[in-house]
Amino acid sequence: MKFHQFISLFVFLTSVACAQAAEVDCINDNEVLLQQLDRAIERKAEYQHRRLVRADSLRALARQKRGTERVSVLKEAYDTYSRFLSDSVFSILNEIKATSDYATDSSLQVWTDLCEARNYGVMGLYNLSSDIIRRYDPADLDPDQQLHYYNTVHAVTGWMVDFTRKSAPHLTDSLFRQSSSYLEKVYELEPDEISNTLVYTTMLLEQGRYQQCIDTLLITESRCDQGSAVYLNAIMAQAYDKMGQTDAAIHYLATTSIHDIEEGVTEYMALQVLAERCLEQGQTKRAYQYLICSLEDASICHSNLRMLESTDIFPIIDSAYQTEEKRLRQARTAMFVFGSMCILLIIGFVFYILHSNMKKAQLEALRKKRHLEEISFIADHDELTGLLNRHGGKRPIIKMLRHHVPGYLSILDVDNFKKINDTYGHDVGDKMLQAVARCFSLLPQQTTIRMGGDEFCTYFPHTSSLEEYKQHIEAFFEAIRAINLPEWPELKISVSLGATYYDGRTDSSFEQLYREADKRLYMSKQIKGCQLTV
């Protein structure tokens, strides 16, 4: 072998060895990060309690302030509740609306409305979010307001893109183009250099220019503060994941997830993707734990999109878990056969051990199955009233419409609910909603949904007679009028109801019937006092 050939071979073997060593280091580093993430999940309740204490202390401080200082502290409290407790987010925004500054400051009104729109988007209430956004023309806003506006519509539209990929694929491309155009506006308006870079790399990610996205982020990484670093890590994770570089993606997914959990937030994205990657690498138990964690906290935060994504992934992980259990049982059986052939004297002992382990495995599988059923129930039902939520309730109604089952679709709204909440407090408002929900049991053969807030939707199948329908509704109104809250006996409850009839002769969608019923509801609300408009 000539000298230069020897040198070339040496360099090649050295580079291969270095690459293998780097791959081993990356895998070892990822395992350390995943172990850190496992420990963070174990302490999740502690981190979330710490965030709650911080948010509540800001809320208490705001009560001691007046004017602009009170609004400033409430905004800080809003940031703390954000991605943590959706109900508390809206409560904070209502406190801001009650300040004197809100009545005179149009900029504060814009900020509050857009914050509401964003959080409705988190909850999957895209119609409510879009209704708020449509109130504003960005041309009428100043640059700071425009930046807030485009950040909000980009976020909401992006979530709608993720949602339609599963529920309405024909809308995805159009929504994606809208989302990209909004992001370009954010890029034009964002004054902060680091934030502007993060927006730019997000655009590169959406355009499929993954390597350029990663190169730009690596240059920026050393200049990021802790707040910006988490967004950088999330973008890096997506870029590496799109390129199929799983180990690098896991590194940044784990880093992002650790930050989220230690900050006490509940609306995870990185943890769900990480669960899928762990499953692909055969870490079934870890994937199962991550997805359970994500699903539980998405339910707390009312993040409907995250719950939908989790329920899609869950059967895959559960199937893999069952396959692993089957493989283990087969291995134990083979071991038993081999042991019985080798040492007849210990057959009884080995049989006892295997039987005991199998019993435990079956009990564990049963426990996980029950837990899955509980999680599925949580995903489809409203926590406060026990009724079906929007996600769980639309499915049976859509199925009946596809089979052309005639009936009445009704939308119900509690009269003056916001005033009652503001006057008597949210605890009384919650009890009122629970009492109203119980009254639906008087209606026969109906599917009832809590759409959100004080709005309910019902469908009466196989009902063609208007008089029969009105009799049922009148009985329902009587039950509403009879509601008596012991703490506030003077509080009288009334509801407004709008309905539309579907005769089952033609195709119709839930959204079409819902819009028609909503128009009738608006007519009833002009009158108030347990009114029905059909």
Side-chain angles (χ1 to χ4, degrees), residues 47-123 125 128-129 131-133 135-136 141-153 155-156 190-192 195 225-228 230-231 260 263-267 297 300-303 384 416-430 452-454:
Y47 295 132
Q48 291 179 354
H49 176 71
R50 186 186 304 170
R51 189 178 185 93
L52 181 62
V53 170
R54 185 164 71 247
D56 287 347
S57 65
L58 286 169
R59 203 166 186 176
L61 177 62
R63 296 191 185 99
Q64 302 171 15
K65 303 291 184 180
R66 292 292 179 271
T68 304
E69 288 187 2
R70 175 177 171 81
V71 172
S72 178
V73 176
L74 286 172
K75 281 187 172 183
E76 191 175 351
Y78 166 83
D79 291 335
T80 307
Y81 279 119
S82 181
R83 298 180 68 212
F84 177 42
L85 293 174
S86 295
D87 292 341
S88 297
V89 166
F90 285 102
S91 177
I92 288 291
L93 293 175
N94 286 335
E95 287 189 43
I96 293 176
K97 288 181 178 181
T99 63
S100 58
D101 284 25
Y102 179 83
T104 59
D105 188 344
S106 61
S107 295
L108 183 59
Q109 294 169 9
V110 173
W111 181 87
T112 305
D113 283 350
L114 293 177
C115 287
E116 281 190 345
R118 184 182 184 89
N119 283 280
Y120 279 133
V122 169
M123 298 171 71
L125 304 177
L128 293 177
S129 182
D131 287 344
I132 295 173
I133 290 169
R135 296 177 194 167
Y136 295 100
L141 306 177
D142 64 38
D144 287 341
Q145 293 171 341
Q146 286 180 348
L147 180 59
H148 190 193
Y149 173 87
Y150 284 117
N151 267 317
T152 300
V153 294
V156 173
E190 179 57 65
D192 180 75
S195 298
D225 57 24
Q226 186 176 3
S228 300
V230 65
Y231 293 103
D260 282 349
E263 280 297 304
V265 302
T266 56
E267 198 269 299
D297 287 354
I300 293 172
C301 191
H302 301 308
S303 176
L384 177 66
N416 301 315
F417 182 73
K418 182 179 184 302
K419 181 178 179 181
I420 293 170
N421 256 348
D422 293 342
T423 304
Y424 298 93
H426 288 278
D427 287 341
V428 173
D430 288 349
D454 61 322

Any donor and acceptor pair, going by atom type alone, linking the side chain of [X] with main-chain N or O of [Y] inside 3.5 Å?
X    : Y    : answer
T80  : E76  : yes
E116 : F90  : no
S228 : D225 : no

Starting at [atom1] of [X], measure out to [atom2] of [Y] and round the result to the nearest 0.5 Å.
X    : Y    : atom1 : atom2 : result
L93  : Y102 : CG    : OH    : 9.5 Å
R63  : R70  : CZ    : CZ    : 8.0 Å
R118 : I133 : CZ    : CD1   : 10.5 Å
L74  : D101 : CG    : CG    : 10.5 Å
K75  : C115 : NZ    : SG    : 8.0 Å
M123 : S129 : CE    : OG    : 11.5 Å

Can you give me the closest heavy-atom contact between [X] and [Y], atom names plus distance?
X    : Y    : value
V156 : G121 : CG2-CA, 4.5 Å
V71  : T99  : CG2-OG1, 3.8 Å
E190 : D192 : OE2-N, 3.1 Å

Checklist entry - Does any pair with a residue in residues 141-150 pass side chain to side chain donor-acceptor pair (under 3.5 Å), and if so which ones, sequence neighbours excluded? => result S107-Q145
Checklist entry - Between D131 and Y120, does a side-chain contact (heavy atoms from CB on, under 4.5 Å) hold up when you go through it step by step? => result CA-CA 10 Å; D131 287 344; Y120 279 133; over 6 Å; no
Checklist entry - Any chance OH of Y231 has more than 12 other-residue heavy atoms, nucleotides or ligands included, within less than 6.0 Å? => result no
Next on the checklist: When you compare the side chain of V53 with that of R50, does any pair of heavy atoms fall below 4.5 Å?
Outcome noted: no
Item to check | Within-4.5 Å side-chain heavy-atom neighbours: V122 and S82 | outcome: no
Show me the side-chain donor-acceptor pairs of residues 416-428 shorter than 3.5 Å, one per line, residues at least two apart or across chains.
residue : atom : partner : partner atom : Å
K418    : NZ   : D422    : OD2          : 2.9
T423    : OG1  : K419    : O            : 2.7

Item to check | Working for side-chain contact (heavy atoms from CB on, under 4.5 Å), residues T112 and Y78 | outcome: CA-CA 10 Å; T112 305; Y78 166 83; over 6 Å; no
Next on the checklist: Test side-chain contact (heavy atoms from CB on, under 4.5 Å) on D260 and V230; report intermediate values, then the result.
Outcome noted: CA-CA 8 Å; D260 282 349; V230 65; 4.2 Å; yes
Next on the checklist: For a side-chain contact (heavy atoms from CB on, under 4.5 Å) check, start with the C-alpha distance between Y47 and E263, then their side-chain angles and the critical distance, and finish with the verdict.
Outcome noted: CA-CA 6 Å; Y47 295 132; E263 280 297 304; over 6 Å; no
Next on the checklist: Within the 3.5 Å criterion, strictly below it, is a donor on Y136 or D113 matched to an acceptor on the partner's side chain?
Outcome noted: yes
Next on the checklist: Suppose we screen for side chain to side chain donor-acceptor pair (under 3.5 Å). Which residues come up paired with S91, at least two apart in sequence or across chains?
Outcome noted: R59
